[in-house]
Protein chains: 2
Amino acid sequence: MTDRSVPPPADAGGAAEQTGVGGAAGAESATAAGAEPVTARGEQTRKLILDTAMRLFRERGYAQTTMRAVAKEAGVAVGNAYYYFGSKEHLIQEFYAETSVEHRSRATRVLATETDFAERLRGVLHAGIDTMTPSHEFAATFFKTAAEPTSPLSPFSSESSPTREASIALFREALTGSTAKVDPELRDELPELLWLAYMGVILYWVYDRSTDQTKTRALINGVVPLIDRLVGLSRLRVLRPVTRDVLGLIRTLRQ
Amino acid sequence: MTDRSVPPPADAGGAAEQTGVGGAAGAESATAAGAEPVTARGEQTRKLILDTAMRLFRERGYAQTTMRAVAKEAGVAVGNAYYYFGSKEHLIQEFYAETSVEHRSRATRVLATETDFAERLRGVLHAGIDTMTPSHEFAATFFKTAAEPTSPLSPFSSESSPTREASIALFREALTGSTAKVDPELRDELPELLWLAYMGVILYWVYDRSTDQTKTRALINGVVPLIDRLVGLSRLRVLRPVTRDVLGLIRTLRQ
DNA sequence: CCTGGAAGTTGAACGTGTTCGACACGGCGG
DNA sequence: CCGCCGTGTCGAACACGTTCAACTTCCAGG
């Protein structure tokens, strides 16, 4: 079957020439699925598609943006988008990466000046929300795709591992750069726990319908002192066994 | 009664008549979206479609089950399914309800015999997982659809409010029927918090890839004593302010 | 120059969820 | 007996994500 009606489209590429190689050495990228561009032209097409998609996602929302629209707006064929990105969802992975990078950049100021643990943590958390705020509308929509465990987009998946590690590292810095005295046993595990808490905050944020997500801010401001206090208390006599149990449990459950 | 081939079926309903009102006064049901059946024939068709869908979901998984397949297997037209259920996702809401009912039924034994809070809580949690276990495979898949905040399927949505309330009530019973001494301020809020913890357990369970979800069991067994201890400790001098803060925060954040 | 093949590009076709206008049924008032 | 109308039912049609075989571009090696 298939049948092809009109044989040769005569002209193919739209925006052409541009043979010079040039920059864009995207560090570790490796988004998997979909071909990694080799040529400079490929690099450019990829970026064109990605930028267009991002723009449309923000303008119309994820669900309302069709792949056809992305392709049309970018001036390429639908199939071309699939050459670079394995699926519509994979376009989101890029969003993760971008967000992660900006999160770090936004967090550096606090991490460079503050020494109080609670303040550092607070800063990192708010920086994360700051970063995502412009995309709240569509983040909420695309969140569902990330929730599927088998999806490569799950924050726990190996495919988002680089981004996740970068995020955890941020919390590690928040801890190590602070003056906080932490149970040494807890010290290694805490950054990951903080990241987990961050995921919880994001979860709340996604559901947060209050104007400007004020409640999420309240959540952060309220929860940070609690964490700070609990971390401090973790060295207390009465709580030692609890700390022990928590750590034991976490080690068992880590998948 | 399967295929339909011939245009005018002459006869439509299978087991017909039954004009009397009578049974099936399904309390608050109200699944919204899609028409509520009025006729006995409608009632039957609805059930037929639902049962078929459930069976196929379990057999092939959610994503692999097409609406066409459901319709065909049920011996109706696709459009007919959409007459009763607003969307493919809405078929899931029913799963919620069924699960909730069975959860309660499974939990009654423990709640009737045990008096120790930790044991009661443990029992309720395990009962929940027991109930869902047969559907683990497809639950994981459909979970994503529930994650979207705007979706009526979200556990926080008003549309699943009845089911949620039923679930919270279960935890309230676990608490009130126990011998545990709880900070009175905490007593009112705790059931909802326990339900939230239960949601967390489910979240973990969905992601749990260990055989027979052993790790989820470990999580429950590990986390219950912690909760038990923390609840007990909440009346302690040093932790009083923490308890206060937690409660204050929760009251602020409740949406 | 030519040519082979890898990289990039195309658009029709497929399968899916969902919609919608048309139709069937059955009881009720005329 | 007839026509009406609300409840059900039908299936073609639509929009979308995704696939794929055919095609173009471009350059290294002869």
Side-chain angles (χ1 to χ4, degrees), chain A residues 1-21 33-49 53 56 60-72 74-92 145, chain B residues 1 3-14 16-19 33-49 53 60 62-72 74-92 145:
Chain A
M1 35 308 290
T2 54
D3 141 77
R4 252 182 136 357
S5 46
V6 218
D11 163 279
E17 8 59 51
Q18 184 84 354
T19 24
V21 187
E36 217 60 23
V38 176
T39 325
R41 177 163 68 114
E43 194 80 44
Q44 216 189 14
T45 306
R46 194 192 129 94
K47 182 164 165 40
L48 174 64
I49 293 169
L56 293 187
R60 325 177 177 177
Y62 179 74
Q64 282 67 45
T65 304
T66 72
M67 289 302 274
R68 282 171 180 79
V70 172
K72 188 173 187 178
V76 301
V78 214
N80 203 0
Y82 281 92
Y83 180 74
Y84 292 106
F85 303 93
S87 72
K88 189 182 177 187
E89 297 193 1
H90 274 86
L91 282 164
I92 294 176
T145 69
Chain B
M1 58 301 276
D3 89 303
R4 242 169 146 18
S5 44
V6 230
D11 163 278
E17 2 66 47
Q18 183 87 354
T19 23
E36 219 60 22
V38 177
T39 326
R41 178 164 67 113
E43 194 80 45
Q44 217 187 12
T45 306
R46 193 193 129 95
K47 181 165 164 40
L48 174 63
I49 292 169
R60 326 177 177 175
Y62 179 74
Q64 283 67 45
T65 303
T66 71
M67 290 301 275
R68 281 169 181 81
V70 172
K72 188 173 187 180
V76 301
V78 215
N80 204 359
Y82 281 91
Y83 180 74
Y84 292 107
F85 303 93
S87 73
K88 190 182 177 188
E89 298 191 3
H90 274 85
L91 282 164
I92 295 176
T145 67

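Chain A is the first sequence line, chain B the second, and so forth, proteins listed ahead of strands; every chain is numbered from 1. Keep in mind that what you see is a predicted model, and the values were worked out from it rather than measured. Only heavy atoms go into these numbers, but all of them, side chains included; no hydrogens, no water, no symmetry mates.
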Student: Taking the nucleotide of DNA chain D with the nearest heavy atom to each, does Val38(B) or Ala63(A) sit closer to the 5' end?
Tutor: Val38(B)

Student: Rounded to whole angstrom units, what separation is found between the CZ atom of Arg46(A) and the C1' atom of dA7(C)?
Tutor: 15 Å

Student: So, OP1 or OP2 of dG8(C): does either fall under 4.0 Å of a side-chain N or O from Tyr83(A)?
Tutor: yes

Student: Determine yes or no for a side-chain-to-main-chain donor-acceptor pair under 3.5 angstrom, with Thr39(B) supplying the side chain and Arg41(B) the backbone.
Tutor: no

Student: Counting side-chain heavy atoms from C-beta on, which of dT18(D), dG8(D), dG8(C) comes nearest to Val78(A)?
Tutor: dT18(D)

Student: Return the minimal non-hydrogen interatomic distance between Tyr62(A) and Lys88(A), and the atom names on each side.
Tutor: O-NZ, 3.0 Å

Student: Mind calculating the distance between NZ (Lys88(B)) and P (dT19(C)) to the nearest angstrom?
Tutor: 14 Å

Student: Please state how far atom OH in Tyr84(A) lies from atom C1' in dT19(D), giving the value in whole angstrom units.
Tutor: 18 Å

Student: For Val76(A), answer base if it contacts any base atom (sugar-phosphate contacts may also be present), sugar-phosphate if it contacts only those atoms, and nothing otherwise; contact means non-hydrogen atoms under 4.0 Å.
Tutor: sugar-phosphate

Student: Could you pull out the closest heavy-atom pair between Tyr84(A) and Ala35(A), with the gap in Å?
Tutor: CD2-O, 3.7 Å

Student: Nearest-Å distance, OH (Tyr82(B)) to C1' (dA22(C))?
Tutor: 20 Å

Student: Which heavy-atom pair separates Val70(B) from Ile49(B) by the least distance, and what is that distance?
Tutor: CG1-O, 4.1 Å

Student: For Gly79(A), answer base if it contacts any base atom (sugar-phosphate contacts may also be present), sugar-phosphate if it contacts only those atoms, and nothing otherwise; contact means non-hydrogen atoms under 4.0 Å.
Tutor: base

Student: How close do Gly42(A) and Pro37(A) get, counting heavy atoms only, and between which atoms?
Tutor: C-CB, 3.5 Å

Student: What is the distance from CE of Met67(B) to C1' of dC16(D), rounded to the nearest Å?
Tutor: 17 Å

Student: Verify the contact: side-chain N or O of Thr39(A) to OP1 or OP2 of dG8(C), cut-off strictly under 4.0 Å; return yes or no.
Tutor: yes

Student: Is Arg41(A) close enough to dT9(C) that one of its side-chain N or O atoms is under 4.0 Å from OP1 or OP2 there?
Tutor: yes

Student: Can you tell which of dC16(D), dT9(D), dT10(C) lies closest to the side chain of Thr66(A)?
Tutor: dC16(D)

Student: Just the rounded figure in Å: distance from P of dG8(C) to CZ of Phe85(A).
Tutor: 13 Å

Student: Mark yes or no for a side-chain to base donor-acceptor pair under 3.5 Å between Arg68(A) and dG17(D), with no hydrogen or angle criteria applied.
Tutor: yes

Student: Rounded to whole angstrom units, what separation is found between the NZ atom of Lys72(A) and the P atom of dG17(D)?
Tutor: 15 Å

Student: Is any side-chain nitrogen or oxygen of Ser87(A) closer than 4.0 Å to OP1 or OP2 of dG17(D)?
Tutor: no

Student: Could you state the atom-to-atom distance from CD of Glu89(B) to P of dT16(C) in whole Å?
Tutor: 17 Å

Student: So, does Asn80(A) get its side chain near the phosphate of dG8(C), meaning an N or O under 4.0 Å from OP1 or OP2?
Tutor: no

